[in-house]
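One structure is given here, and the rest of the page talks about it.
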Amino acid sequence: MTDTPNDAATTPPADEFVAAAEALARGCVDVLPAGALARRLQHAADAGRPLRVKLGMDPTSPDVHLGHAVVLQRLRAFQDAGHVVVLIIGDYTARVGDPSGRSKSRPVVDGDQIDANARTYQEQAFRILDPERTEVRWNGEWLAKLTPLEMFRLMRGATVARVLERDDFQKRFTSNAPISILELLYPLLQGYDSVAVESDIEFGGTDQLFNLLMGRHLQPQYGQTPQLVITTPLLRGTDGVEKMSKSLGNYIGLDDDPNDVFGKVMSIPDELMPEWYRYAAGLTWDEAEAYVLGVEHGTVHPNHAKRTLARHVIERFHPRSVAQGAEERFDAQFKRNEVPEGIPELSIAAIPRTEAGLVFLPAVLVAAGWATSNGEGRRLIQGGAVRIDGTQVAASVLEIDPATLVGVVLQAGKRRFARIE
RNA sequence: GGGCGUGUGCCCGAGUGGUUAAAGGGGACGGGCUGUAAACCCGUUGCGUAAGCUACGAUGGUUCGAAUCCAUCCGCGCCCA
């Protein structure tokens, strides 16, 4: 993989471009090849054209979350510096399934779902990106038209050994897990996207490194200057272990209710705070470091730091007053055990009565959507989770006079409330 | 194409004819403690308010009785070609 003269170190780039490159790549993990970003910035400036910065997102789930926000934020910085983001909605690659970081094949998502997701993705991405400086492309635009002959050309561009080198495949291969030939093809298709949009730089999470390099590998075969590759860290989810993802349920969506966001942030493990301060809080690097060091040196109480973090996360997408409101509600509900405002109404009219005219309480819990079966509802009661107007329901109480339930606040656990009508 | 192996509850995994609704672990949920953190302790984790029903890839069979035995099929893997 050779660099074209465009990236060659003929003369060192001017200091201002070195500084700009450093600022733009702040917090990123890989910037490849080393030193090329400053030169690329300078060439773009000299040529008077913006760089085309590519990001591909496969719309396999309907929500954009804080994990995506990490890379989107970096792209926004490029936009603010005058460059163009090419956002690729992988409607076609989603049909293949990215094997990155996967120990199993991805479940196949059907076409309608992909299209629906693709739309919400775009919308949500624009909560961070500047639409004026974004070119949105769906990769079906070129992948759907790829003739067999063109596919052959593409497939000749990489070897099996090379593709099998990558970690995910390696692991699966050695543990005798299946790898489909289609999955093997995924990196090539993503690489071809770079050819199709003539990208100067491609961004992705660290798990994308291989795919990103494939674009760099393929572009020269199509007579293009190879793109630079920049990776951002993978944000871990609320469980503090796995990378944030919809399918693991450990994510905070950009569209989540601010009150939920506050609670979710409060529930993350302390060890996650430095990471989230740096990458999820929307703060500058120095601001984030100040908090991280404060906690480390014991000058900031972890609880205070986490509350502040929660407010910052909300303030990225909502006014400050909303963040403050979320914090107040949080305290009311979880510190003072007050009943939150705006709890749903629950009608028990449709629940069958016993001969004695009583209602079966587990069935009420099912009606509220808190249990999927009467058995599960009963277990909640027996586990002491259910309260009526704040008073714990005894494990033995399964039937109750509906008249005593009217207007009452029913609660299961700490966060599920309903007012019975 | 041939040989061998494998398929268990949300996940991993034990279980080779009867007290197995299925050990153990993880996860999840709930209770306690707390900073809704971690750690720790406790409980629950198929459906049915009960009789009972359904469940160990699928179908059929053997048996008083099957997750466990047999046959066929399907999925997955390994080896040979």
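In what follows, chains carry the letters A, B, and so on, assigned in the order in which the sequence lines appear, proteins first and then strands, with residues in each chain numbered from 1.
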Quick check for you: among [options], whose closest atom lies nearest to any side-chain atom of [X]?
| X | options | result |
| --- | --- | --- |
| H301(A) | G30(B), C47(B), G35(B) | G35(B) |
| K306(A) | U49(B), A37(B), C47(B) | A37(B) |
| R416(A) | G35(B), C29(B), U49(B) | C29(B) |

Rounded to whole Å, how long is the line connecting atom [atom1] of [X] with atom [atom2] of [N]?
| X | N | atom1 | atom2 | answer |
| --- | --- | --- | --- | --- |
| E355(A) | U49(B) | CD | P | 15 Å |
| L380(A) | U49(B) | CG | C1' | 16 Å |
| R379(A) | U45(B) | CZ | P | 6 Å |
| Q411(A) | C29(B) | CD | C1' | 15 Å |
| I381(A) | C29(B) | CD1 | C1' | 15 Å |

Describe, in one word, how the ring planes of Y291(A) and Y277(A) are oriented to each other, choosing from parallel (under 30°), tilted (30 to 60°) and perpendicular (over 60°).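 Correct class here is parallel.
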Which part of the nucleic acid, if any, lies within contact of [X], taking any heavy atom under 4.0 Å across all strands shown: a base, the sugar-phosphate backbone alone, or nothing?
| X | value |
| --- | --- |
| P269(A) | sugar-phosphate |
| E399(A) | base |
| D270(A) | base |

Tell me whether D63(A) contacts the main-chain N or O of H65(A) through its side chain, where contact means a donor paired with an acceptor under 3.5 Å.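 Between the backbone of H65(A) and the side chain of D63(A) there is no qualifying donor-acceptor contact (under 3.5 Å).
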Mind checking the P distance from C56(B) to A51(B)? Whole angstroms is fine. 23 Å
Please report the distance separating the C1' of A21(B) from the corresponding atom of A67(B), rounded so that it comes out in whole Å. 12 Å
Is the shortest side-chain heavy-atom distance between Q124(A) and D255(A) below 4.5 Å? yes
Does a side-chain heavy-atom distance below 4.5 Å link R278(A) with E289(A)? yes
